[in-house]
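Inspection log for the structure reproduced underneath, given as structure tokens.
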Amino acid sequence: MGKLKRRSITIAGVTVNPGRRQKVYLDVAKLYTHTSLELVIEVIHGRRDGPVLLVSAAIHGDELNGVEICRQLLKHHSLDRIRGTLVVVPVVNIFGFIHRSRYLPDRRDLNRCFPGTPTGSVGGRAAYLFRTEIMNHCTHAIDLHTGAVHRSNLPQIRANLDNQVAELMALNFGAPVVIDSKVRDGSLRECADKEGIPIILYEAGEALRFDMHSIKAGVRGVMNVMRCLDMLPKTSHSKKKSSPVIARASYWIRADHDGTCLFIARLGQRVKKGDVLALISSPFSQNDSEVISKTNGIIIGRNNIPLVNEGDALFHIAKFDTIVKAEQSVESFISQIQDDPLLDQPTDAINEPYGDN
């Protein structure tokens, strides 16, 4: 008997044959002006069998790094040799993307609306369509995020490491830090987990900003996962990535005073219990209040706006068994991203969020 031909795949009602690449458009809703809103989905259906990997971005509409990661991923020449199928949705929350907002028009968070319902709110309907027309046709998933407005995140992977396949994807992505993070109610990650789809979440950078280090790491990370899933051929370069460190816990340090904040500690920095991370003062006083680290760890998230109220989150610190190893992982990651030829950018286009400045 001859070898069986690979089957076509149907995404959002459109059938894509083996060896073909196609854009698919999914109507999600209409504005009150009767203007239709569509999700744009790019499907690359390889000639050979393999996983069906979903890569999604901007489920929070103001988180832009993932949009650019998707764009650069889709133009990479390696995808000509893909085994399996790549399904890319660069903008999930098209409402928020248009309005530069994290949320939907009714102020709901789309990432708290899953699994959704066909008769519910805008968020519920959008989540239902995404789940039934796109996600449920996939075997693995990567969801791309950034920090919130005025908050930067060190490139990191969040995953439920109780899932062995998700753990494999997380460790192969190539981010310096992996956080063993349980799923949140109503999130895409919870929905995928319940559907038996291994999923990891990449966090890097800040909302409404492009950060080229984070983007470069994201493109490389998605391709690393594709190689570990045998969707792309292994390369000698792919064997050189550093091993991430796993954080089993993290916490936020919050302001205990109102005022202006002078940030001292930087993103990716190793800190010890008792270290001074920032100084808070009144604009009308010469007195300073120190912000002190409560434990040893690495700064994986940081507020960027110096005007703070009591209780505002200032630093997100991850705790590790071996802090020195964690610091070495961050330093190795920075070096590799700077030297990686995958993405060449003009010097003035690259932000430097992890340096000394």
Side-chain angles (χ1 to χ4, degrees), residues 55 57-58 60 62-76 78 90 142-158 169-179 200-227 237-238 240-245 247 250 263 265-271 297-305 315-318 326-357:
V55 179
H60 295 133
D62 59 356
E63 298 184 1
L64 305 182
N65 279 338
V67 180
E68 180 64 10
I69 289 170
C70 290
R71 191 187 73 84
Q72 293 188 17
L73 172 68
L74 286 170
K75 70 178 185 178
H76 203 278
S78 295
I142 302 174
D143 194 25
L144 305 173
H145 288 255
T146 75
V149 174
H150 303 309
R151 287 187 190 172
S152 293
N153 281 339
L154 183 77
Q156 60 197 258
I157 291 293
R158 298 181 186 180
M169 295 165 64
L171 295 179
N172 277 274
F173 190 94
V177 172
V178 172
I179 300 176
I200 62 175
L201 187 152
Y202 174 60
E203 285 264 10
E206 178 186 359
L208 294 175
R209 299 287 186 272
F210 274 168
D211 174 71
M212 298 315 300
H213 283 140
S214 299
I215 292 167
K216 189 174 185 179
V219 176
R220 189 182 72 160
V222 173
M223 297 183 70
N224 285 341
V225 171
M226 294 178 72
R227 291 190 180 98
H237 176 72
S238 65
K240 297 178 182 178
K241 59 181 181 293
S242 59
S243 298
V245 288
S250 66
F263 294 96
R266 68 182 187 277
L267 204 60
Q269 179 178 325
R270 175 174 61 143
V271 296
I298 295 284
I299 297 175
I300 61 170
R302 203 194 80 166
N303 189 353
N304 292 328
I305 190 166
F315 295 94
H316 193 191
I317 297 180
E327 185 179 43
Q328 290 171 347
S329 178
V330 172
E331 291 174 351
S332 176
F333 164 81
I334 295 169
S335 176
Q336 288 183 24
I337 291 300
Q338 290 172 338
D339 297 338
D340 195 328
L342 180 65
L343 176 63
D344 294 321
Q345 293 288 337
T347 302
D348 60 1
I350 299 179
N351 298 324
E352 301 284 353
Y354 317 127
D356 294 329
N357 294 330

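Owing to the predicted nature of the structure, the values given are computational and were not obtained by experimental measurement. Both backbone and side-chain heavy atoms feed into the values below; hydrogens, waters and symmetry mates do not. One is the number of the first residue; the rest follow in order along the sequence.
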>> Before you tell me yes or no, could you show the steps for D62 and H60 under side chain to side chain contact (heavy atoms under 4.5 Å, CB included), namely the whole-Å CA-CA distance, both residues' side-chain angles and the distance that decides it to 0.1 Å?
In response: CA-CA 6 Å; D62 59 356; H60 295 133; 4.0 Å; yes
> Run the side chain to side chain contact (heavy atoms under 4.5 Å, CB included) check on H145 and L201 step by step: do they pass?
Replying inline: CA-CA 7 Å; H145 288 255; L201 187 152; 3.5 Å; yes
> Going through the distances and angles, do N153 and I300 end up as a side chain to side chain contact (heavy atoms under 4.5 Å, CB included)?
Replying inline: CA-CA 6 Å; N153 281 339; I300 61 170; over 6 Å; no
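By the 4.5 Å heavy-atom criterion applied to side chains, I69 and R71 are not counted as neighbours. The shortest distance between side-chain heavy atoms of P244 and P176 does not fall below 4.5 Å. Using a 4.5 Å cut-off on side-chain heavy atoms (C-beta onward), R220 and M223 make no contact. V177 has its side chain within reach of L154: a pair of non-hydrogen atoms, C-beta onward, lies under 4.5 Å apart. For the pair Y202/D143, no side-chain contact is recorded, criterion being any heavy-atom separation below 4.5 Å from C-beta on.
Side chains of T146 and N65: a donor-acceptor N/O pair is absent below 3.5 angstrom, by distance only.
Atom CZ of residue R227 and atom OG of residue S78 lie 5.5 Å apart, to the nearest 0.5 angstrom. Between atom OG of residue S214 and atom CD of residue Q156 there is a gap of 10.0 Å, rounded to the nearest 0.5 Å. Rounding to the nearest 0.5 Å places CG of L64 at 12.0 Å from CG of L144. Rounding to the nearest 0.5 Å places CZ of R209 at 9.0 Å from CG of N304.
Checked against salt bridge (Lys or Arg N to Asp or Glu O under 4.0 Å), R302 has no partners two or more places apart in sequence or in another chain. By the side-chain hydrogen bond (donor to acceptor under 3.5 Å, both in side chains) test, H316 pairs with S250, sequence neighbours left out. For E206, there are no salt bridge (Lys or Arg N to Asp or Glu O under 4.0 Å) partners two or more places apart in sequence or in a different chain. Residues forming a side chain to side chain contact (heavy atoms under 4.5 Å, CB included) with A247 (at least two apart in sequence, or on another chain): I179, A318, F320. Residues that satisfy the side chain to side chain contact (heavy atoms under 4.5 Å, CB included) test with A170, not counting sequence neighbours, are I157, A159, L161, V178, I200. Take I305 and apply the side chain to side chain contact (heavy atoms under 4.5 Å, CB included) test, not counting sequence neighbours, and it matches H150, N303.
The heavy-atom pair separating F173 from V225 by the smallest distance is CD1-CG2, 3.8 Å. Nearest approach of I299 to A265, heavy atoms of both residues: CD1-CB, 3.3 Å. Shown here for A58 and P90, the closest heavy-atom pair between the two residues is CB-O, 3.9 Å.
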